[in-house]
Amino acid sequence: MDNKNIMRPNKRTLFLRYFLPWQIYRFIVINIKMLRMMARGH
Amino acid sequence: MSVVDIVVLGAGVSGHTAAMYAKRYLGKDANITVISPEEKYNWIPSNIWVGVGQMQAADVLIPLAPVYQKNHVTFYQGRAIELYPEGRLNNSKPFVVYESTGTGSLGEKKEIHYDFLINATGPKLNFAATPGLGPDGFSVSVCTASHATEAAHQLELVIQEMKQGKNKTLVVGTGHGTCTCEGAAFEYVFNVDTELRRQGVRDKAELIYMTNEAELGDFGVDGIQLDVGGFITPSKIMADSLFFEKNIKPILGAHPERLEKNKVFYTDLSGKKGEVDFDFAMLLPPFKGHRLKSFNLQSEDITDKLFSPADFMRVDADYTAKEYADWKPEDWPRHYQSPYYKNVFAVGIAFAPPHQISRPRKNPEGVLITPAPPRTGMPSAIMGRVVAENIAQQVKTGTLGIKTASMGDMGAACIASIGTGFTRGAAVSITMCPIVPDYQKYPDTGRDTKLTFGEVGRSGHWIKKMLHYLFIYKAKGSPFWWVIPE
Ligand SMILES: Cc1cc2nc3c(=O)[nH]c(=O)nc-3n(C[C@H](O)[C@H](O)[C@H](O)COP(=O)(O)OP(=O)(O)OC[C@H]3O[C@@H](n4cnc5c(N)ncnc54)[C@H](O)[C@@H]3O)c2cc1C
């Protein structure tokens, strides 16, 4: 694959993917998003 | 009110859910019987972790007999083989015939009468569609816990050779042009990548992802337009990025034609033929349904009427052949009821979908290379619950409930693991709503962008792990199991 055409994570994104406080926050956010989606589908 | 007999075929995600809810809703008003060939329930999504040696088969299997005993559900270990939806001349009560797979009664046949039947027999793993595919051929699979255990063993052998300095090629993906479950193949390839890195041999491996998707991120749902970082981003872009980042080489639009020892021969959407030499291959099989030989009162064979050519059971979908441009969410079933017998239902992978969700594509030789529509765990379980609820309503009031569980309305959450471990683990968390795009309601993207998003991170791994424990708790029928949503 030619990297010119590929979106690549920058350092900040790579860091945040594993940064504990941010990931705890995302854990909560994603769970809320899933529950919202379920509420709509159920 | 007399006690009704509800028979559920298949103790997988959809059937087990249907049986447990039917008992919960109806209590003593219903005898619930489950017929299923394996003595244990398999939480299939976690097979991925078994397949890389990060979990054992025992972690994803639950003995069914104690669960059913505790919940007053009758369990017969066997395989349904025949269906008599009009009963016999001397007894018009419908029944199924099953063949025992339990030790002590192996091969014995028995008739079980029903008032309501829920067919939740899931997929038949059709390895035979590609010569040389599967555990009896030259590749491994992660579709069952035992397949996944063997995959982990084979992977470990290859890793040991890499540790001795040898370079190896590993191929992961779909073993036929019409496979489904691309999400599972996607998860497995990234988990293999993580395992190779964990064991310090990633530089010795060429990792190839062979998929029937025309582009990465299709997932059998025609791709997803995700709301991320202030942009509506096609899932292709996110998937391309991940494959690039992890140095996994994709082979797109591929239809493996046959496998030989350490070699897969394929053709692709352009008609090009290719072959890949491999040291390890995990290629998923295409799915068929479980066709039950069916007979009417006159003992005439009505199997072809009840089941589609791919052996899935026809339900309340619109099966009229249509062009891609004319596909609509309304084509998809809402109640999962047989159009021929109102007391027969098919849920999960057992129901016949009206068509694919991804755009159908053929190569110049006319070979269909298109993902079949996925029916993942969450919608399968919702179908099981909704059908149980509607039947319960009929038993209590005389009128079938009107709850629906259409893939044209409901959403799905897909947490695709891209590695395990508390610190190294991560997942792509995706939600989409609806599963089948609705371009009338959402002209730009086909889906509600407020409910359709995706991101990569460690939190996704925690969610996946949490769901593993929650769903195993739920499947065990442990206290307040019904509080856990599907
Ligand atoms: C490797 C892999 C990973 C996956 N990962 C995910 C994931 O992360 N998230 C997700 O949502 N989905 C995932 N899925 C999909 C998910 O497993 C399926 O959607 C789900 O299992 C479908 O439920 P089902 O009840 O239709 O079929 P199954 O769960 O397969 O159950 C079918 C049951 O019927 C039984 N049966 C078969 N024949 C007969 C017969 N003749 N008579 C009686 N019983 C019979 C089978 O033994 C089985 O117990 C994955 C699938 C695979 C293969």
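For clarity, every value in this text was computed on a predicted model and none was experimentally measured. Labels below follow one simple rule: chain letters A, B, ... track the order of the sequence lines, proteins then strands, and each chain is numbered from 1. Computed from heavy atoms alone, side chains included, the values below leave out hydrogens, waters and symmetry copies.
Considering only heavy atoms from C-beta on, A:Phe19 stays 4.5 Å or farther from B:Arg458 through its side chain. The closest side-chain heavy-atom distance from B:Glu245 to A:Leu14 is below 4.5 Å.
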Please determine whether side-chain contact (heavy atoms from CB on, under 4.5 Å) holds for the pair B:Asp448 and A:Met37, giving the CA-CA distance in whole Å, both sets of side-chain angles, and the decisive distance to 0.1 Å.
CA-CA 10 Å; B:Asp448 184 346; A:Met37 201 248 332; over 6 Å; no

Stepwise side-chain contact (heavy atoms from CB on, under 4.5 Å) check, B:Met378 with A:Met38:
CA-CA 10 Å; B:Met378 183 175 155; A:Met38 282 178 202; 3.6 Å; yes

Start with the C-alpha gap between A:Ile30 and B:Phe453, add the side-chain angles, then the distance that decides, and say whether side-chain contact (heavy atoms from CB on, under 4.5 Å) holds.
CA-CA 9 Å; A:Ile30 297 169; B:Phe453 91 106; 3.9 Å; yes

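Around atom CZ of B:Arg334, no more than 12 heavy atoms belonging to other residues, nucleotides or ligands sit under 6.0 Å away. Annotation: B:Lys246, atom NZ; neighbour count of heavy atoms from other residues, nucleotides and ligands within 6.0 Å is above 12. For CG of A:Leu20, the number of neighbouring non-hydrogen atoms (other residues, nucleotides, ligands) closer than 6.0 Å is greater than 12.
Taking a cutoff of 4.0 Å between a charged side-chain nitrogen and a carboxylate oxygen, B:Glu455 and A:Arg26 qualify as a salt bridge.
Taking SG from B:Cys414 and CE from A:Met34, the interatomic distance works out to 11.0 Å, rounded to the nearest 0.5 Å. To the nearest 0.5 angstrom, A:Tyr25 atom OH is 11.5 Å from B:Ser459 atom OG.
Side-chain N or O atoms of A:Arg17 include none that pairs as donor or acceptor with a backbone N or O of B:Gly457 at under 3.5 Å. Judged by distance alone, the side chain of B:Ser241 and the main-chain N or O of A:Met7 form a donor-acceptor pair under 3.5 Å.
Interface residue B:Met466: only side-chain heavy atoms are found under 4.5 Å from chain A. The parts of A:Ile24 that come within reach of chain B are both its backbone and its side chain, each placing non-hydrogen atoms under 4.5 angstrom from that chain. Using a 4.5 Å cut-off between heavy atoms, B:Lys450 contacts chain A through both its backbone and its side chain.
Taking both residues in full, the closest heavy atoms of A:Tyr18 and B:Gly425 are given as CE2-O, 3.6 Å, listed atom of the first, atom of the second, then distance.
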